[in-house]
Amino acid sequence: MSDLSQKPVADLSEDEARAELERLAAAIAAADIAYHQNDAPEISDADYDGLKRRNDAIEEAFPELVRSDSPADKVGAAPAEGFAKVRHGVPMLSLSNAFADEEVNDFVARARKFFMADILRDPDFALAFTAEPKIDGLSASLRYENGVLVRGATRGDGAVGEDITENLKTIADIPHRLAGSGWPAVIEIRGEVYMTHAEFRRLKEHSAKFGGQDYVNPRNTAAGSLRQKDSRITASRNLNFFAYAWGIAEDAYGNPRPPAATQAEVVQKFGQWGFVTNPLMMRTERAEDLLAHYRLIESQRATLGYDIDGVVYKLDRLDLQQRWGFVARAPRWAIAHKFPAEQATTILTGIDIQVGRTGALTPVARLQPVNVGGVVVENATLHNEDYIKGIGNDGEPIRGGVDLRVGDHVVVQRAGDVIPQIVNVVLDRRPADAAPFVFPKVCPVCGSEARREINEKTGKIDSVSRCTGELICPAQAVENLKHFVARDAMDIDGLGDKQVAQFYAEGRIARPADIFTLRARDERAIKKLKDADGFGPVSVKKLFDAIDARREPELDRFIFALGIRHVGETTAALLAREFGSMAKFRDVAFAAAHDENGHALFPQIGGIGETVRASILGFFANDRNVQALDELLAEVRPKDYVVTISADSVVAGKVVVFTGALEKMTRSEAKAMAERLGAKVAGSVSSQTDILVAGPGAGSKLKKAEELGIEVISEDEWFERVGK
Ligand code: IVH
């Protein structure tokens, strides 16, 4: 059978068009569910748009064939409409991943380093970890007040989830009332909702008999079951739940009250309170034992009866977890050791080049669709030019140095579950006429030169080829806009990737500032937004209101939203805290970028290294960026950054420098502690410094502080002052 999906619309017969519309409706619906409801996109945005465009084109050519469930009528799938939003008392975090044993050893070594001062001080100090399976399901948070389940919610974006109490109540493993005693007055129990293999098979067989839907895998099916409006359907699905974590835990007066002192003990309590906990949890002080437990769990994976995708290691003591803290959205004190990905062989049918937000040209493999571990894979990332040639990032050969050619049989793997990769070529099956791939020298979108720059740090040529068109490149402009409005950035309700792409294509917006003039221009426009695809008067008003609601964004979000290369959420927060206002950040960075003496005017900021600094200044050296920023600042007023200070802390707002040997804590811990108390930690002494904490062996910093008349205190005095 020839591949219909590749046939030009103009060449389709009526039967073929009907078949294609059916295929597209199914593919788009599946992608919508994966994206909006399961938070697990299975195809790229570009592919999604391609499906929609083809559907539209066929509908236009064959209007009589338009389906009653035409995907053209839907603007994405509303994220489980109908469920109320719930703000989690404590955010639901994700986990950092490890794929190799070495990364697990590193994790343990990092912990030892962080707690070195304790280890040296106390010969009995034990650094223990737990290890338990990582369940491949959906996390849920269950709020119990005085032992009674009052609300159950999905994870959502981690901060806000959806109220699915009624559905969760149908799960037999979830008690409506806590058993035993000694539970905190308010506790959010967290864990994983999942579907067993047996239940999945039962559903599939039932569905096959009665002509129902095709279920892809247990996780997606569990997700779909949880999001039913009618909880009787959820009840009919026999879901299960493992409890492994918690959010808020407080007494009746709102004071924090962790249920026990360690991870292992808390989970044990969960068991006493009527939850099902995973029997494969263990506790040890040795990295070798963690790895041995990983192998044990891996060997049992096929016979457990439910899907797991790795093993989670957590620091056992809760007080130490708190001290070690978090990075962005994940705890430092836990890590997920993932299982190797699953593989399948298929044919590489083409190589396309996509252009990203920073102009990176990323080659994408088009594959003959193949099922890899339950998910159909049609695309894989090829990273960069060298990767196609068989050269890795370190210059060493990958795949034995074999290049990739269109027509090759290739081995595909789903690593870390989302983005599939090509890990091997079956050379014996290479077609005689397969030619080496020629990587483009110009941007396929705007035609500007594409260049591989020299990496300033390493002196080596960069593996990534970048379009030099910057804002004149439509691909970069659109990706930048998508980043700008994204949830972690400006977070404009109702303005997602699809709308941005549409508005850009229609010429309604080209740069971020245009978003904020949209309402005013639309009032004058001949082609009004309410008449555009996917919109109406109500949705347009809602959108404009949502845009106006974001005219005073938080400073760190705003800085992140600018999309300066290498400036992620953490760096954006550091910049916001350092400068306090957008005006100051802009003016200092602009002056430094145009400073004849190099970049001396821009302060050294702890946590911001040379690459990031150079990238920030590079951004402000470019007039087009500054102009776009100033246009934007005419429309929005980012709020000044206010440090969230522990109200009663005497060091709040003070600039503190640590020097010399610290005996009770490591340097990074000292820094983390001071910051928690609202102090700003600097690396060097200046007239801005308020307090120097000096340990034994303090040298030039101590001298300078004394010269400047800055208060100098010992580590002990520091502890007295902060009341620890
Ligand atoms: S602990 C602060 N333990 O993995 C740590 N998570 O990648 C919170 N998951 O959203 C998570 N099994 O849905 C933890 N035994 C386990 C887990 C587990 C599955 C999921 C959970 C979380 C995701 C993070």
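Just so you know, residue 1 is the first one in the sequence shown, and it goes up from there. Excluded from the calculations below are hydrogen atoms, water molecules and symmetry mates; all remaining heavy atoms, backbone and side chain alike, are included. In this text the structure is predicted, and so the values were computed from the model without any measurement. As the structure lists them, so they are numbered: ligands from 1, and atoms in each ligand from 1.
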Has [X] got a side-chain atom pairing as donor or acceptor with [Y]'s backbone, closer than 3.5 angstrom?
| X | Y | answer |
| --- | --- | --- |
| H293 | M281 | no |
| N167 | Q228 | yes |
| D316 | Q263 | yes |

Exercise for review: Decide whether R283 and T130 meet the rule of one side-chain donor and one side-chain acceptor closer than 3.5 Å.
Suggested key: no

Tabulating one pair per line, provide the atom names and distances (0.1 Å) for every N/O atom of ligand 1 that is less than 3.5 Å from a protein N/O atom.
from: ligand 1; atom 1: 3 (N); to: K314; atom 2: NZ; distance (Å): 3.1
from: ligand 1; atom 1: 4 (O); to: K134; atom 2: NZ; distance (Å): 3.1
from: ligand 1; atom 1: 9 (N); to: Y244; atom 2: OH; distance (Å): 3.4
from: ligand 1; atom 1: 12 (N); to: I135; atom 2: N; distance (Å): 3.0
from: ligand 1; atom 1: 13 (O); to: S139; atom 2: OG; distance (Å): 3.3
from: ligand 1; atom 1: 13 (O); to: E192; atom 2: OE1; distance (Å): 2.8
from: ligand 1; atom 1: 13 (O); to: E192; atom 2: OE2; distance (Å): 3.3
from: ligand 1; atom 1: 13 (O); to: Y244; atom 2: OH; distance (Å): 3.4
from: ligand 1; atom 1: 15 (N); to: E132; atom 2: OE1; distance (Å): 3.1
from: ligand 1; atom 1: 15 (N); to: P133; atom 2: O; distance (Å): 3.1

Check your understanding: In terms of the angle between their ring planes, are F275 and F241 parallel, tilted or perpendicular, with boundaries placed at 30° and 60°?
Key -> tilted

Review point. Do any pairs count as a salt bridge (charged side-chain N to carboxylate O under 4.0 Å, His left out) and have a residue in residues 93-107, sequence neighbours left out, and if so which ones?
Key: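 Listed by first then second residue: D101-R295.
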
